[in-house]
Amino acid sequence: YPPYLLFMASIQGFGQNKRLAVRPCQLVPCVSPWQTPEEIERLTVDEELNDIERAVYLLSSGQDIQGTSVVANLPVLMRQNPAETLRRVLPKIREVLHVAGMEMQLTAAVSFLTILQEDSVSIHTYSHSFLHIILQNVEHRDSGVSNAWLETLLAVVETLPKETIRHEILNPLVSKAQLSQTLQSRLVSCKILGKLANKFEAHIIKREILPLVKSLCQDVEYEVRSCMCRQLEHIAQGIGTELTKNVVLPELVELARDEGSSVRLAAFETLVNLLEMFDADDRSQTVLPLVKSFCEKSFKADESILAMIVFVDPKNFHLELYSTFFCLCHDPEVPVRYTMAVGFYEVAKILNSGVYAIHKELITLLQDESLEVLDALIGHLPEILELMTTVGENSGSESKLLTVPDLIPALTTAEQRAATSLKWRTHEKLLQKYACLPHIISSDQIYYRFLHRMLTIIMTNNVLPVQKAAARTLCVYLRYNRKQEQRHEVIQKLIEQLGQGKSYWNRLRFLDTCEFIMELFSKSFFCKYFFLPVLELTHDPVANVRMKLCYLLPKVKSTLKVPTDKHLLQQLELCIRKLLCQEKDKDVLTIVKRVSMFPHHKNNPPKRCNNCLPFKIYLLLVLGKEGKKSKLVRSQSFSTQALHPKYGNIDKCPKYFFLHF
């Protein structure tokens with residue numbers, strides 16, 4: 001099983017006034033939907049509790065899966081009720097994190113970052129409430145957890161005032177960077193120092209930060225020396241040319257002669273990145289001799305010499321460096337091939353019109369047996385493919401035609417290898433990058449080799465982010481496909497296999513796909529092909545499908561153009577009316593009541609009605625007496641289309657009706 005799945009179970013009728021205490025549409029660890037009654041009982045709480053009370057209860061006495069769900073939902077709680085969340089929920093989370101597992105720690109780091117990015121509270125309140133929790137967990141023994149918290153901390157540093165940074169972060173670094181501290185603590189200190197370099201004036205950096213930098217550059221552990229070396233570029237940008245020449249350059253010279261190969265490589269790459277800061281004398285007397293020495297050692301030690309192309313005229317690449325480049329791309333050691341994949345785009349940019357010279361190496365790395373190599377390569381895959389197929393004004397289509405035969409099998413092989421691995425994030429990223437293919441290869445090639453594969457992934461893969469990535473890429477392919485017959489076939493499959501699929505999971509993915517269609521296509525396209533199939537899901541037997549549809553209704557309504565789509569608007573109103581009258585699920589009913597008062601889209605302001613009111617209001621009235629009939633005229637039934645079944649009329653609701661002003 002993949003590490004995360006959306007747990008979409010909705011258990012009705014189990015115990016009076018009780019419901020499974022994992023809310024729908026939240027990212028939580030995968031559990032089996034076939035739990036025993038005893039296990040389900042442990043996962044249920046009183047449904048009458050409000051969100052804050054439920055969160056406190058689950059953090060106090062719930063299982064790990066429930067606590068993780070609360071932590072994942074923390075940004076929502078902060079938006080809805082920040083004062084009570086800070087007063088009651090956050091202290092519980094702080095307490096639980098001391099003994100929490102990796103999943104909850106990672107979830108908390110992401111939630112804290114989301115709250116910061118959403119500006120749910122002022123930066124003063126955020127630093128007072130969240131900063132200490134972040135600092136406590138940033139040195140977690142698990143490197144993955146530590147890096148997640150560090151990412152959040154570095155984002156916080158960007159927004160904090162100088163005095164807060166100095167007292168809460170910089171001052172404690174004096175002790176955290178000492179040799180007596182753990183390796184993880186010193187590594188974290190290196191990355192924080194690199195971030196702080198542009199936050200203070202040069203004299204403060206010289207007095208308080210540079211001594212720590214020098215100490216870490218001379219650490220006994222090569223990992224620390226390498227990590228600090230890679231931060232010297234940021235520090236140099238913060239202190240200016242003069243201090244860089246007098247302080248940073250001597251440290252780089254020393255690190256370039258380090259006994260550890262990773263330290264030497266870090267020093268070499270940093271030197272290359274800082275070349276513009278050095279004058280001609282420094283380059284000729286200090287930097288270039290170091291480069292020459294490094295290259296000699298690299299050949300002897302079989303290390304990567306990827307940044308070397310900077311010192312060679314691209315016109316001479318094939319003659320002087322190609323054989324070395326070829327060998328390194330086929331090197332038996334994964335770290336070497338990984339480094340080549342990381343820098344492949346930089347080499348391609350420098351070669352420019354001569355980039356076709358390394359086409360075979362691109363194919364080799366795409367088909368590499370190591371997923372680490374593939375993951376490193378696909379970061380800039382769209383840019384690399386664009387260069388391969390379009391660079392040069394006079395290249396025409398000849399280069400593109402030559403590239404394609406080898407490229408397509410390599411791309412399909414890469415996707416299949418990622419799909420069969422356990423590294424779903426690599427698969428997700430690959431599918432996202434494949435959205436560039438309409439700019440690279442023909443529509444027919446995409447249709448026969450990639451488009452149907454995306455549909456298969458949506459229907460069969462178990463990881464939600466992967467499914468969503470495939471859905472969006474499929475929509476991009478459909479957007480650029482100009483053959484009506486092929487378009488029609490894909491639309492029909494989306495509706496029949498997803499929207500009308502037997503699995504509620506597929507129907508949920510149909511709604512995700514419709515969101516992407518509304519994003520990428522015109523409003524009229526969505527209304528023509530997908531509006532009615534979406535409304536069909538108001539009848540879905542699974543509450544979670546109806547709930548997701550209700551969240552989507554405002555976007556669906558924004559695609560309508562009145563009076564052209566008046567008949568569709570009437571059908572939408574009838575669907576909402578039926579939900580309000582007949583919906584038995586409490587959560588669905590709450591959402592449909594909330595969204596029934598549709599706000600107009602900011603890019604589609606309301607037009608004035610004939611009676612001069614600023615916009616049309618849909619007002620829900622509850623009649624006082626049971627059984628009293630509304631006087632709504634039945635709308636016409638859905639117009640029949642080849643892709644959609646005919647939609648029947650809805651019985652009049654005895655308790656609710658809409659008034660149009």
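Reckoned from all heavy atoms, side chains included, excluding hydrogens, waters and symmetry mates.
Residues meeting the ring pair (Phe, Tyr, Trp, His ring centres under 6.0 Å) test with Y338, sequence neighbours left out: none. With sequence neighbours excluded, the residues that form a side-chain contact (heavy atoms from CB on, under 4.5 Å) with P382 are K433, C436. With sequence neighbours excluded, the residues forming a salt bridge (charged side-chain N to carboxylate O under 4.0 Å, His left out) with K483 are D444, listed by chain and number. R449 meets the side-chain contact (heavy atoms from CB on, under 4.5 Å) test with I408, T412; sequence neighbours excluded. The salt bridge (charged side-chain N to carboxylate O under 4.0 Å, His left out) search around E151 returns none, not counting sequence neighbours. Listed by chain and residue number, F130, W149 satisfy the ring pair (Phe, Tyr, Trp, His ring centres under 6.0 Å) test with F112 (two or more places apart in sequence, or in another chain). F526 meets the ring pair (Phe, Tyr, Trp, His ring centres under 6.0 Å) test with no other residue; sequence neighbours excluded. Applying the ring pair (Phe, Tyr, Trp, His ring centres under 6.0 Å) test to Y322 and every residue at least two apart in sequence or in another chain returns H318. The side-chain contact (heavy atoms from CB on, under 4.5 Å) test applied to T364 returns H330, not counting sequence neighbours. For D540, the salt bridge (charged side-chain N to carboxylate O under 4.0 Å, His left out) partners two or more places apart in sequence, or in a different chain, are R507. Partners of E489 according to the salt bridge (charged side-chain N to carboxylate O under 4.0 Å, His left out) rule, which considers only residues two or more places apart in sequence or in another chain, are K493.
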Test side-chain hydrogen bond (donor to acceptor under 3.5 Å, both in side chains) applied to E496 and Q500, step by step = CA-CA 5 Å; E496 293 179 353; Q500 300 169 0; over 6 Å; no
Working for side chain to side chain contact (heavy atoms under 4.5 Å, CB included), residues I458 and N506 = CA-CA 8 Å; I458 297 170; N506 285 345; 5.7 Å; no
Could you check M518 against L552 for side chain to side chain contact (heavy atoms under 4.5 Å, CB included), going step by step and ending with a plain yes or no?
-> CA-CA 11 Å; M518 285 187 279; L552 198 61; 3.9 Å; yes
Could you go step by step and tell me if E415 and I457 meet the side chain to side chain contact (heavy atoms under 4.5 Å, CB included) rule?
-> CA-CA 11 Å; E415 189 279 319; I457 293 170; 3.3 Å; yes
Verdict with supporting geometry, F510 and Q497, side chain to side chain contact (heavy atoms under 4.5 Å, CB included) | CA-CA 9 Å; F510 175 71; Q497 298 181 23; over 6 Å; no
Can you list the steps and then say if R425 with E428 is a salt bridge (Lys or Arg N to Asp or Glu O under 4.0 Å)?
-> CA-CA 5 Å; R425 287 185 177 84; E428 177 195 13; 6.0 Å; no
Show your reasoning for whether side-chain hydrogen bond (donor to acceptor under 3.5 Å, both in side chains) applies to N481 and Q486.
-> CA-CA 8 Å; N481 190 307; Q486 292 180 355; 2.8 Å; yes
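Under a 4.0 Å N-O distance rule, the pair K548/D512 qualifies as a salt bridge.
Here the side chains of L366 and L377 are in contact, with some heavy-atom distance below 4.5 Å.
Rounded to the nearest 0.5 angstrom, L451 CG and T473 OG1 are separated by 10.0 Å. K523 contributes atom NZ, which lies 10.0 Å from atom CG of D565 (distance to the nearest 0.5 angstrom). Atom SG of C581 and atom CD1 of I576 lie 11.5 Å apart (nearest 0.5 Å). Atom CE of M459 is separated from atom CH2 of W505 by 14.0 Å, given to the nearest 0.5 angstrom. One finds the NE2 atom of H359 at 5.0 Å from the CG atom of D406 (value rounded to the nearest 0.5 Å). In this structure, OG1 in T107 is found 11.0 Å from CG in L74, a value given to the nearest 0.5 Å.
The two residues E361 and F326 make their nearest non-hydrogen contact at OE2-CD1, 3.1 Å. Across all non-hydrogen atoms, the minimal contact from H452 to Y447 is CD2-O, 3.2 Å. Heavy atoms only, all atoms of each residue included: Q367 and A410 are closest at NE2-CA, 3.8 Å. Taking each heavy atom of V545 and L511 in turn, the nearest pair found is O-CD1, 3.8 Å.
Residues in residues 364-384 take part in these salt bridge (Lys or Arg N to Asp or Glu O under 4.0 Å) pairs, two or more places apart or across chains: R337-D368, D375-K429.
Relative ring orientation between F325 and F344 is described as tilted, the plane-to-plane angle lying within the 30° to 60° band.
Side-chain N or O atoms of D585 include one that pairs as donor or acceptor with a backbone N or O of V588 at under 3.5 Å.
The side chain to side chain contact (heavy atoms under 4.5 Å, CB included) with C550 is formed by just one residue from the set V592, L589, T538; it is V592.
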